[in-house]
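Report on the structure given below.
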Amino acid sequence: DLLSQLAGADPQTKEVGDDTEHGSLAVRHGSFRVTVILGDNCEFLPGAQALEMPSGHHSQALARDQRQYAQLNRVLTTDLRIVCRAGGAFTYTITLP
């Protein structure tokens with residue numbers, strides 16, 4: 001919950017999984033875990049999959065990646081942004097404990 005995150009006792013963590021055909025992301029807070037598994041015709045934005053702020057030699061691409069990471073990974077929330085680049089129908093599954 002937000003109170004335990006604010007108190008610093010139990011931060012939220014993110015895990016990237018490659019155990020499915022299309023990929024998955026899980027957000028864990030204490031014993032609570034939410035997993036999003038991608039189906040057909042969709043993908044996570046790269047910033048949603050990054051586990052830490054991108055770094056390296058300064059470039060426009062790095063600046064873009066850092067901006068995206070900062071937009072999707074906030075102190076108390078994680079945005080698991082899913083996009084459908086080809087358009088049309090797409091699927092994903094959200095699994096709760």
Side-chain angles (χ1 to χ4, degrees):
D1 65 31
L2 291 177
L3 178 59
S4 63
Q5 288 186 59
L6 286 171
D10 193 12
Q12 177 176 283
T13 60
K14 179 171 55 172
E15 302 165 9
V16 178
D18 58 4
D19 54 338
T20 66
E21 180 181 350
H22 302 288
S24 67
L25 280 174
V27 176
R28 181 186 305 272
H29 180 234
S31 62
F32 186 76
R33 176 185 169 117
V34 175
T35 304
V36 179
I37 301 170
L38 296 180
D40 293 330
N41 198 28
C42 61
E43 62 190 50
F44 293 108
L45 283 181
Q49 292 179 298
L51 299 178
E52 57 186 42
M53 177 69 81
S55 62
H57 296 292
H58 182 70
S59 67
Q60 287 183 348
L62 176 62
R64 180 200 62 231
D65 293 346
Q66 289 176 333
R67 221 177 9 262
Q68 186 181 92
Y69 179 87
Q71 290 170 347
L72 300 178
N73 298 280
R74 302 296 180 115
V75 174
L76 300 176
T77 61
T78 299
D79 181 343
L80 304 179
R81 186 86 43 100
I82 299 170
V83 293
C84 176
R85 298 201 192 280
F90 64 95
T91 60
Y92 63 90
T93 304
I94 299 173
T95 305
L96 301 170

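Predicted, not measured: the structure shown is a model, and the values here were computed from it.
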Side-chain polar contacts of residues 89-97 - donor-acceptor pairs under 3.5 angstrom, sequence neighbours left out - could you list them?
{"unit_1": "Thr91", "atom_1": "OG1", "unit_2": "Asp40", "atom_2": "N", "d": "3.0"}

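Considering only heavy atoms from C-beta on, Phe44 stays 4.5 Å or farther from Val16 through its side chain. Side-chain atoms of Gln68 and Arg81, non-hydrogen and from C-beta on, never get closer than 4.5 Å to each other.
Between Gly87 and Asn41, the shortest heavy-atom distance links the atoms O-ND2, 2.8 Å. Nearest approach of Leu62 to Gly56, heavy atoms of both residues: CD2-O, 3.4 Å.
The stretch residues 82-97 participates, sequence neighbours left out, in these salt bridge (charged side-chain N to carboxylate O under 4.0 Å, His left out) pairs: Glu43-Arg85.
Taken to the nearest 0.5 Å, the OG atom of Ser59 stands 7.5 Å off from the CG atom of Asp65.
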